[in-house]
Protein chains: 2
Amino acid sequence: MKPNVKKILAQAEHICAQKDIRLTESRRHVLSIIAGSSKPIGAYDILKSLSQKMDNPKPPTVYRAIEFLQAQGFIHRIESLNAYVTCDAHHHHTGSQFMVCDDCGKVTEAHLCDLPTPLLDKTKKENFKLSSWNVELHGLCAGCQ
Amino acid sequence: MKPNVKKILAQAEHICAQKDIRLTESRRHVLSIIAGSSKPIGAYDILKSLSQKMDNPKPPTVYRAIEFLQAQGFIHRIESLNAYVTCDAHHHHTGSQFMVCDDCGKVTEAHLCDLPTPLLDKTKKENFKLSSWNVELHGLCAGCQ
DNA sequence: GCACATATGTTATATTATAACAATTTATAT
DNA sequence: ATATAAATTGTTATAATATAACATATGTGC
Ligand SMILES: [Zn+2]
Ligand SMILES: [Zn+2]
Ligand SMILES: [Zn+2]
Ligand SMILES: [Zn+2]
């Protein structure tokens, strides 16, 4: 197991212990699969990988784990790819921002703690009560240009 | 037909004429269905509606029209809803921004011509070559709070 | 132990999207 | 006008993503 994966799992364990919620076996497996992927990974690729660690898992097992991990802020969904990545930020956040390379598929989290002013202004103008936000930037990463 | 739909169709007709590309019957129908919806509409709801205007249309007909309309910038896809809306801005743009009401489902386009500085800074720092971007703000619209 | 809440197993199905190839229509060039 | 190429549509099938529903099991507090 990559050291990075180990670290992510340890952090998740710690947070779950603190919050007194359960990082069960399937949840831990799914988290480690996502953490071990160099790129965002889709639910059915997670399932394939999970089938090497559990006996014949089914889609709901994966989706339930994903739902839990998202709720805890351990992973994010990349909407434009229908795929999942682990969170890079060191705190829980309701806004997500990513740079997605359209060539190699790699995704980098570009975390901002606050919604940029021009967008915040739009919400104020519309009297929109913000609860979460997601930004996906598409283009080419440094290595792919 | 709502006057708004008529206007959107007329604009699309005009642009297509200028660019010498074809707003064919199925494309026009799909555009008018999306324009006529008060909320983002999914491909299979478009298909259902389209079947009242054409004889037994199939999914590829809808998806091909969507692809065309997106390429021309007439419509946008709301990634978090798997659904489509017409563009509100008065010029072609590669960045999209929306406020999505999680209660009533209404979506408002919050167009910015440029990527906000904090995000632009992130791309520069990573030497990421930006080609397009999408922002989806979730929360409650003025009427739903 | 018992009641309750949480989590998992299992089967089936819903929803969203695309591949592949044939047929047709439209544009272009002789 | 006719041949040719390009763009568009028709059609069938299937891929890819996600959830509903209900039964079973496991953990938690009393
Ligand atoms: Zn994060
Ligand atoms: Zn890349
Ligand atoms: Zn727009
Ligand atoms: Zn609303």
Side-chain angles (χ1 to χ4, degrees), chain A residues 12-13 16-31 33-34 37 39-51 53-72 74-85 100 105 134 136, chain B residues 12-13 16-31 33-34 37 39-51 53-72 74-85 100 105 134 136:
Chain A
E13 293 280 11
C16 286
Q18 274 200 325
K19 293 164 76 175
D20 201 28
I21 51 181
R22 297 162 55 204
L23 190 63
T24 59
E25 193 193 10
S26 57
R27 291 166 177 176
R28 188 173 12 241
H29 279 147
V30 169
L31 180 57
I33 288 165
I34 297 171
S37 174
K39 296 189 294 190
I41 182 171
Y44 281 76
D45 284 336
I46 293 170
L47 181 62
K48 206 180 301 173
S49 180
L50 187 61
S51 71
K53 308 191 185 193
M54 293 176 63
D55 179 39
N56 196 22
K58 306 288 193 312
T61 299
V62 170
Y63 281 103
R64 283 164 178 163
I66 285 171
E67 186 182 24
F68 171 86
L69 297 169
Q70 275 192 294
Q72 307 314 318
F74 299 153
I75 65 170
H76 299 298
R77 173 182 166 82
I78 309 297
E79 297 282 0
S80 55
L81 301 176
N82 297 332
Y84 306 86
V85 294
V100 182
N134 183 52
E136 295 180 17
Chain B
E13 293 279 10
C16 285
Q18 275 200 323
K19 292 164 78 175
D20 200 29
I21 51 182
R22 297 163 55 204
L23 191 62
T24 60
E25 193 192 10
S26 56
R27 290 166 178 176
R28 189 175 10 243
H29 280 147
V30 169
L31 180 58
I33 289 164
I34 297 170
S37 174
K39 296 188 295 190
I41 182 171
Y44 281 77
D45 284 336
I46 294 171
L47 181 61
K48 206 180 300 173
S49 181
L50 187 60
S51 72
K53 308 190 185 194
M54 292 177 62
D55 178 41
N56 195 24
K58 307 288 193 311
T61 299
V62 171
Y63 281 102
R64 284 164 179 163
I66 285 171
E67 186 182 25
F68 171 86
L69 297 169
Q70 276 192 294
Q72 307 313 318
F74 298 154
I75 65 170
H76 299 299
R77 172 181 166 84
I78 310 297
E79 298 283 0
S80 54
L81 302 175
N82 298 332
Y84 306 87
V85 293
V100 181
N134 183 51
E136 295 181 17

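The structure presented is a predicted model; accordingly, all values stated were derived computationally and were not measured. The sequence lines fix the lettering, A, B, ..., with proteins before strands; numbering per chain opens at 1.
Counting heavy atoms of neighbouring residues, nucleotides and ligands inside a 6.0 Å radius, atom NZ of A:Lys48 does not exceed 12 of them.
Listed for the A:Ser49 side chain is no donor-acceptor partner under 3.5 Å among the backbone atoms of A:Ile46.
Interatomic distance, CG of B:Leu47 versus OH of B:Tyr63, reported as 9.0 Å (0.5 Å rounding). Separation of atoms CD (B:Gln18) and CD (B:Glu13) is listed at 12.5 Å; rounding is to 0.5 Å. The NZ atom of A:Lys58 lies 11.0 Å from the CG atom of A:Leu50; values are rounded to the nearest 0.5 Å. The CZ atom of A:Phe68 lies 9.5 Å from the CG atom of A:Leu31; values are rounded to the nearest 0.5 Å.
The separation between B:Ile21 atom CD1 and C:dT26 atom P is 17 Å, rounded to whole Å. One interatomic measurement links the two molecules: CE of B:Met54 to P of C:dT24, which rounds to 16 Å at whole-angstrom precision. Rounded to whole Å, atom C1' of C:dA17 lies 15 Å from atom CG of B:Asp45. Rounded to whole Å, atom C1' of C:dT10 lies 14 Å from atom CG of A:Leu47. We find that CD1 of B:Ile41 is positioned 13 Å from P of C:dA17, with the value rounded to whole Å. B:Asn82 has its CG atom 12 Å from the C1' atom of D:dA16, to the nearest Å. Residue B:Ile66 contributes atom CD1, which lies 17 Å from atom C1' of D:dT8 at whole-angstrom precision.
In terms of position on DNA chain C, the residue among A:Asp55 and B:Tyr84 whose nearest nucleotide sits closer to the 5' end is A:Asp55.
Which of D:dA18, C:dA7, D:dT12 sits closest to the side chain of A:Thr24 comes down to C:dA7. Listed candidates were D:dT12, C:dG9, C:dT11. Nearest to the side chain of B:Lys58 is D:dT12.
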Strictly under 3.5 Å: I want the nitrogen or oxygen pairs between protein and nucleotides 27-30 of chain D, one per line.
none

Mind listing the N/O atom pairs, protein and nucleotides 19-24 of chain D, below 3.5 Å?
| from | atom 1 | to | atom 2 | distance (Å) |
| --- | --- | --- | --- | --- |
| D:dA21 | N6 | A:Arg64 | NH2 | 3.3 |

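B:Glu25 pairs by the salt bridge (charged side-chain N to carboxylate O under 4.0 Å, His left out) definition with nothing, not counting sequence neighbours.
Within the structure, a side-chain polar atom (N or O) of B:Ser26 is placed less than 4.0 Å from OP1 or OP2 of D:dT9.
In terms of heavy-atom proximity, A:Gln70 sits nearest to A:Arg77 at NE2-CB, 3.4 Å. Taking all atoms of both residues into account, the shortest heavy-atom contact from B:Pro40 to B:Gly105 is CD-O, 3.4 Å.
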